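These numbers come from a predicted model, not from an experiment. These values consider heavy atoms only, across backbone and side chains, with no hydrogens, waters or symmetry-generated copies.
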Amino acid sequence: MYSFQFYLFIWVALFFAMLPFALLTSAFLILGKIQAYLESQKSRDNLLKNIQYLISILQNSPSREELDEILEAFRKNFLNFDSLKKESKDYKDRMDFISALACCSTVDIDSVARYREEFVKANPNFKKEIETLISAALKNRESSEKNKKIKEKNGLFTH
């Protein structure tokens, strides 16, 4: 049999011979994960440029972080719509977003009032429409919350 030093030498030599392969494999795996992450961020950014996606998130009671992200995306991509005609789909989509924001239970009424001021300031030509839309949405929100409380109350007493 061979001495211990021979086996030690073989193991050390094999370790150093395989080291470049292990490092390259690790580097490619890490690079693949980084590319996948960047791709997911890119697709997320594309989704945030779709106003229908933003509206759908608002309708599903988003968390506070999601709400902040949605509002930032709206400000960045859709806030100024003074140049749009009332008949256009883009105008209607933006008004739907404002209505969904006012109806969203995550947003308190004071915040809705601040957002209304921001929207009116950015789009003074549509001041009346924005204010009317938000007030109607808040009334609907208030009545639906009352109905929900009544149903919960009745549901508790009927059992």
Distance-only donor-acceptor pairs under 3.5 Å for side chains of residues 14-39, two or more places apart:
{"residue": "Thr25", "atom": "OG1", "partner": "Phe21", "partner atom": "O", "Å": "2.7"}
{"residue": "Ser26", "atom": "OG", "partner": "Ala22", "partner atom": "O", "Å": "2.9"}

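Put simply, CD on Gln59 and OG on Ser105 are 12.0 Å apart, with the number rounded to the nearest 0.5 Å. Note that OG of Ser143 is 11.5 Å distant from CZ of Arg141, once rounded to the nearest 0.5 Å. Between the CD1 atom of Ile109 and the CG atom of Leu138 there is a distance of 6.0 Å, given to the nearest 0.5 Å. Rounding to the nearest 0.5 Å places OH of Tyr115 at 10.0 Å from SG of Cys104. Separating the CD1 atom in Ile134 from the CD1 atom in Ile98 is a distance of 6.0 Å, to the nearest 0.5 Å. Taking CG of Leu133 as the start and CZ of Arg116 as the end, the distance is 12.0 Å to the nearest 0.5 Å.
Among residue pairs with one or both ends in residues 88-113, those qualifying as salt bridge (Lys or Arg N to Asp or Glu O under 4.0 Å) are Lys89-Asp93; sequence neighbours excluded. Listed by first and then second residue, the salt bridge (Lys or Arg N to Asp or Glu O under 4.0 Å) pairs involving residues 119-132 are Lys86-Glu129 (not counting sequence neighbours).
A donor-acceptor pair under 3.5 Å links the side-chain atoms of Asn60 to the main chain of Ser56, judged by distance alone. Although no hydrogens or angles enter the test, the distance criterion places no donor-acceptor pair under 3.5 Å between the side chain of Asn123 and the main chain of Asn125.
Looking at residues two or more places apart in sequence or on another chain, you find a side chain to side chain contact (heavy atoms under 4.5 Å, CB included) between Leu67 and Leu58, Pro62, Arg64, Leu71, Leu101, Thr106, Val107. Phe97 pairs by the ring pair (Phe, Tyr, Trp, His ring centres under 6.0 Å) definition with Phe74, not counting sequence neighbours. For the side chain to side chain contact (heavy atoms under 4.5 Å, CB included) test, residues two or more places apart in sequence or in another chain that qualify with Glu69 are Arg44, Leu48.
Between Phe81 and Tyr91, the ring-plane angle classifies as perpendicular under the 30° and 60° cut-offs.
Atom CD of Gln41 sits in a crowded spot, with more than 12 heavy atoms from other residues, nucleotides or ligands closer than 6.0 Å.
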Step-by-step side chain to side chain contact (heavy atoms under 4.5 Å, CB included) determination, Ile70 to Tyr53:
CA-CA 9 Å; Ile70 291 167; Tyr53 175 74; over 6 Å; no
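Both Tyr2 and Phe9 are members of a single hydrophobic cluster when ILVMFWY side chains are connected at heavy-atom separations under 4.5 Å.
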